[in-house]
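Data first, discussion second: the structure below is written as structure tokens.
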Amino acid sequence: MAISYRTLRRCDIESSIWEQLRGGAKDIPAFEGANGFRSSNTRITLYPRYIPTARNRRFMEIDVEIQTSLKSIIDNRKQAMEAGEAAKPDLSGILMDSNFKEIQQAAASNNSNRQLRISLQEVTMIPYEVLRMYPPVLQVGQRTSKDTKLGELSLPAGVVLNFRLLSIHRDKELWGEDAEQFKPDRFSEWISRGPEGITHFFLLVTMILYEVLRMSTPRPQLPRRIYKDTKLGELSLPASSVKVVNWIWLRPKKLEKLLRQQGIPGTSYRLLFGDLKDIASLRAQAMTKPVSSFCHDYLARIDPFRHQLMNKFDFYGFAGKVFFMWSGPKPTIVISKPELFREALSKMQEFQKPKTNPIVGRLFPGLVNYEGEQWAQHRRMLNPAFHTEKLKLMLPAFYVSCDEMINKLEELVAEAGHSEVDAWPHLSMLSADAISRAAFGSNYEEGRKIFQLLKEQLLLALSMLQSVYIPGSRYIPTVRSRRFNQINDEIDTLLKRIIDKRKKAMEAGEAPKDDLLGILMDSNMKEIKQAAASGSKNQRHGISLEEVIEECKLFYFAGQETTSNLMVWTLILLSKHRDWQERAREEVLQTFGSNAPSFEGLSHLKTVNMILYEVLRMYPPAPLVPRMVIKDTKLGELSLPAGTLLSFQPIRIHHDKELWGEDAEEFRPDRFSEGISKATKGHYAFFPFGWGPRICIGEKFAMTEAKIALSMILQRFSWELSPSYIHSPIIVFTLKPQHGAEIILHRLG
Ligand code: HEM
């Protein structure tokens, strides 16, 4: 059966795929009689939805690792107990002890072998029931990398399959009315029936996972080592233990030696946690104190641990600009050398985005997270939306958003002509509003709702990120994680609705809208048509609805926080350096008078441009850029083993006196009067928007918005720093003012 995904309704896919899987299962002898699944065709859903494949695969690997390690612990305990050792007073010890006693009783009362076997299996029923109710893998998603077959079904490349295991496990048709209750004994009969029962259940799940993994896109993998059971004197270590020991001790120590041999200084590895505890406690202490007096030398506050190390290693090789520390069992090389930053960011294959906590991946989906061909395709598709001629069309959106903010501020100063205001929430709202209008045009109200939800999601994620990440923990249905997923679903529904409306309009021949979404959908449609016309079959062409959704979410996260940070630091610095505020106002009034800033006029704002650059240098909204070494490779003179994390520090490069001169900590916008390169005497060392092929796609968008907003504020107000302002930069994803931006605003004229 050959079907085209794009013309198929979702419900068709759900039911047909299920039939294929069920049919496929019956073909395998072990699945005959898998009657537990006879009528479940409505519950397993399989529809295109993006779930990053690397994460899922890694999750599966970790799951297998955990299970293997647990099995080895249980086996060891069992052997010890059989040899007469007392049960350990921990949970597994108690559980095993009671099970052991039951088995002994059964044996003593001369029960049949069959009963003994059932008794032995009781210890298994509890974890099975836990696995049923709280499966560590709730759903499994993979993308087809090429046109492929699943059972009888032909699937085109690029379809994302999402299998919802939890739905099967909680299906009352399968498990009975008590499906929501914890009843381990429901497994007793299945277990006793041997291969036709429980085994079918797990085999079916395994088969689905296998089938899905088989189809998945091959992604660059870190080199793998095969582990074997090993003898250590009298002790025989199972492969899983060898792997764990290697992971938490042998490999880190080997890497440490390798880095030291190259003259890179660093901290000594400490078991499992490395430097994580010190990083957290020093940061917590630093957050309680503001920067003493208002100065721009604040690096010790935002990242005290790295700052200490930088000073400590100042007299070693690399003068504190390259050193390593330990984020758990992986070394992180901290690099503040501009030439190494440029080299690494130019080599996308060797140095990729690290996949750390999956929550971060869910917060920042889309382009920012992709690699390889998928990244290239999305970047190609998004590029037109950020071209100058398209930005021009977004100007009205920026005006309306700025006007709204200014009207609100005017209300605040209406009575006395001046007022103390925390500018931070106003600027935050401004950039959210601007992105909603620029991204969704006429659907702006829905866009605003999405922003509110994303903001809530960000706060939830922050609280989730504060606890140590335990692999798989995101699948535990806590109140927070449930709300996180609920928000995700709400956002997806809202975005789907907007996109569907647009799609219908475009199919009916309406011209695409000039907002980000319209441009993205237009370039997607063109790519699909081109590919169809050229008869291309294998290459991925066009992106799916889900991928469009991911990109829309990314506009908010990548574009909102960063731009509002740039604006808030600009207001703070201009309230401290009022001479520059005056110079900027003069320039704006000369260029625009009291009219709305024109696109052409923006390019004449030399002073405003220099001020924004100086703010981006001193307070870069994206202060750190992480990467991961994918295969053993060279960076400059350094030999870097696969798996090493790299933490590039544009913020430190921007504050480096060797590059910027002795006045690096002073606010001096005129250092940029002859361009960026001259400001550092020919060393290119200014990276607020990154570098290389992945350089920020929204740079022009952000700079245009910031120039319009600043111009409009300068036209209407003057401002100074309030005595209640506390200078406390902090990094929470981006660099922001921890205690807001209290200024005193005066109405002009
Ligand atoms: C002052 C404002 C902004 C700053 C400082 C900034 C900074 C950055 C930086 C440093 C990167 C590179 C990250 C890396 O290589 O790991 C980046 C990437 C990106 N930025 Fe921005 N950004 C800003 C505004 C925006 C806006 C307004 C948008 C969109 C509306 C945006 C969308 C993106 C996207 C999609 C990427 C990923 C590009 C890729 O991986 O190919 N940014 N940004």
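As the structure lists them, so they are numbered: ligands from 1, and atoms in each ligand from 1.
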Next item on the list: Find out whether I335 and F318 are in side-chain contact, i.e. whether some heavy atom of one side chain is under 4.5 Å from a heavy atom of the other.
Entry: no
Next item on the list: Mark the output for W375 as yes if a heavy-atom distance to ligand 1 is under 4.0 Å, and as no if none is.
Entry: yes
Note to self: Testing W691, F648, F351, Y684 one by one against F341 for a ring-ring contact (aromatic ring centres under 6.0 Å, His included), which residue passes?
What the structure shows: F648
Checklist line | F701/F398 aromatic ring centres below 6.0 Å | finding: yes
Note to self: Quick one about E371 and Q349 (side-chain donor to acceptor, distance below 3.5 Å, no hydrogens or angles considered), yes or no?
What the structure shows: no
Next item on the list: Between F386 and ligand 1, find which residue part has any heavy-atom pair under 4.0 Å and reply side chain, backbone, both or neither.
Entry: side chain
Check: Should the proximity of E705 to ligand 1, defined as any heavy atom under 4.0 Å, be assigned to the side chain, the backbone, both, or neither?
Finding: neither
Note to self: Checking H307 now: which residues fulfil ring-ring contact (aromatic ring centres under 6.0 Å, His included) with it, not counting sequence neighbours?
What the structure shows: none
Next item on the list: Answer side chain, backbone, both or neither: which part of R379 comes under 4.0 Å from ligand 1, heavy atoms only.
Entry: side chain
Notebook entry, point to check: Would you call K337 and E658 a salt bridge, using N to O less than 4.0 angstrom?
Noted result: no
Notebook entry, point to check: Is L516 touching ligand 1 with its side chain, its backbone, both, or neither, if touching means heavy atoms under 4.0 Å apart?
Noted result: neither
Item checked: atom 21 (Fe) of ligand 1: protein N, O or S atoms [distance under 2.8 Å] -> C696 SG
Note to self: Taking 4.0 Å as the limit for heavy-atom contacts, which would you say applies to N565 with ligand 1: side chain only, backbone only, both, or neither?
What the structure shows: neither
Margin query: Could you tell me if the side chain of L573 sits less than 4.5 Å from the side chain of W580, heavy atoms only?
Written below: no
Item checked: Best match, E551, R694, R627: closest heavy atom to atom 16 (O) of ligand 1 -> R627
Next item on the list: If you have a sec, work out which protein heavy atom is nearest atom 7 (C) of ligand 1 and how many Å separate them, to one decimal?
Entry: P688 O, 3.5 Å
Identify each donor-acceptor pair in which a side-chain atom of residues 383-397 lies under 3.5 Å from a protein atom, sequence neighbours left out, and give them as a table.
residue: N383; atom: ND2; partner: R379; partner atom: O; Å: 3.4
residue: T388; atom: OG1; partner: K700; partner atom: NZ; Å: 3.3

Item checked: Residues which pass ring-ring contact (aromatic ring centres under 6.0 Å, His included) with F686, listed by chain and number, not counting sequence neighbours -> Y613, H654, F672
